[in-house]
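Both counts, for ligands and for their atoms, begin at 1 and track the order of listing.
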Amino acid sequence: MAPLTDMYCEELKRALYGRLRFLRELGISEIYRREVDPIQWAQPNIAANVTVNASPSLEQFGRAPDHPSQHLFEENAIAPRKPFPAPPAQPEALPPEQHFAALKLIQEEIGDCTRCGLSQTRNKIVFGDGDSNAKLMFVGEGPGADEDASGLPFVGRGGQLLNNMINAMGLKREQVYIANVVKCRPPGNRTPEPDEANTCSPFLFKQIDVVRPQVLVALGQTAVTYLTGEKRPMSGWRGSVHPLRGTKLIVTYHPAYLLRDPTQKRAAWQDLQLAMRELGLKPAGKE
Ligand code: SF4
């Protein structure tokens with residue numbers, strides 16, 4: 001077998017990173033390696049070109065690293081999760097007429113934030129948007145390029161799809177509140193790193209505590225993971241109502257994922273129908 005060159009290794013790592021991100025959006029968070037012929041891996045010209053990462057991430061999965069291929073799969077592809085910090089204590093609910101001003105105060109507290117590394121590459125902080133007294137709130141992962149340019153959440157193609165989903169629920173976008181786990185765009189739209197998400201998410205919790213929606217819809221696995229502090233496959237979240245900070249949490253796919261795999265729109269609509277039942281809504285056009 002020909003030796004693995006550095007360039008090939010880099011390409012392989014990039015391809016694996018893309019595949020792992022895709023699998024994570026599908027709700028698959030535990031990856032198991034396929035058995036590899038140990039004689040093949042014992043060849044020095046292969047082992048010498050594989051970067052071995054001494055990351056302890058495998059221990060987090062309850063298994064000791066026992067093979068170089070495990071390191072190859074985990075190296076920098078998906079950062080090891082740190083323990084989730086406890087969310088801030090929930091304050092008393094504010095009267096509805098104070099919600100707007102309270103959100104402004106949170107925005108002022110964020111200011112020209114440099115609390116995490118995402119500040120170095122962002123253009124605009126994307127705070128959130130919508131009705132400060134909304135009954136329904138959506139939480140996404142983080143801003144993309146269009147959002148980074150405009151300072152508003154969900155304004156790109158994913159935003160158009162989200163608008164259509166909201167309209168299908170019989171609502172207008174202005175009637176809901178929308179925010180993200182991180183308020184600055186991760187470079188290349190990558191998934192936020194745990195330290196970035198954990199640094200920024202207290203602001204999201206404050207927004208939730210001010211708006212106090214009846215129903216909170218988490219868009220994708222990153223959103224639900226940082227909202228709940230719990231990692232589960234999407235199949236472990238979808239189809240049920242989960243209590244969270246006095247609201248009813250419902251989980252569905254991220255619009256960006258639905259754009260990549262439109263066959264999942266039917267499943268997403270089922271999730272939104274669950275939200276509609278909780279809100280006592282009927283689909284658009286039906287009285
Ligand atoms: S992502 Fe959040 S914590 Fe990080 S710089 Fe932006 S606003 Fe601050």
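Scanning all protein heavy atoms for the shortest distance to atom 2 (Fe) of ligand 1 gives Cys200 SG, 2.3 Å.
Note on Leu259 and Val217: same hydrophobic cluster, where clusters join Ile, Leu, Val, Met, Phe, Trp and Tyr whose side-chain heavy atoms are under 4.5 Å apart, directly or indirectly.
Residue contact annotation: Cys184 places no N/O/S atom under 2.8 Å from atom 8 (Fe) of ligand 1. Not one N/O/S atom of Cys116, from backbone or side chain, sits under 2.8 Å from atom 2 (Fe) of ligand 1.
Contact annotation: the side chain of Gln107 never approaches that of Ile110 to less than 4.5 Å [non-hydrogen atoms, C-beta and beyond]. Side-chain atoms of Lys265 and Leu161, non-hydrogen and from C-beta on, do get closer than 4.5 Å to each other. Residues Ile250 and Val241 meet the side-chain proximity criterion, which asks for heavy atoms closer than 4.5 Å.
Residues Asp209 and Gln90 have side chains that bring a donor and an acceptor to within less than 3.5 angstrom of each other.
Counting heavy atoms under 4.0 Å from ligand 1, residue Arg122 touches it through the side chain alone.
Near Cys113, the atoms of ligand 1 lying under 4.0 angstrom from a non-hydrogen atom of the residue are 3 (S), 5 (S), 7 (S), 8 (Fe). Against a heavy-atom cut-off of under 4.0 Å, Lys183 is close to the following atoms of ligand 1: 1 (S), 7 (S).
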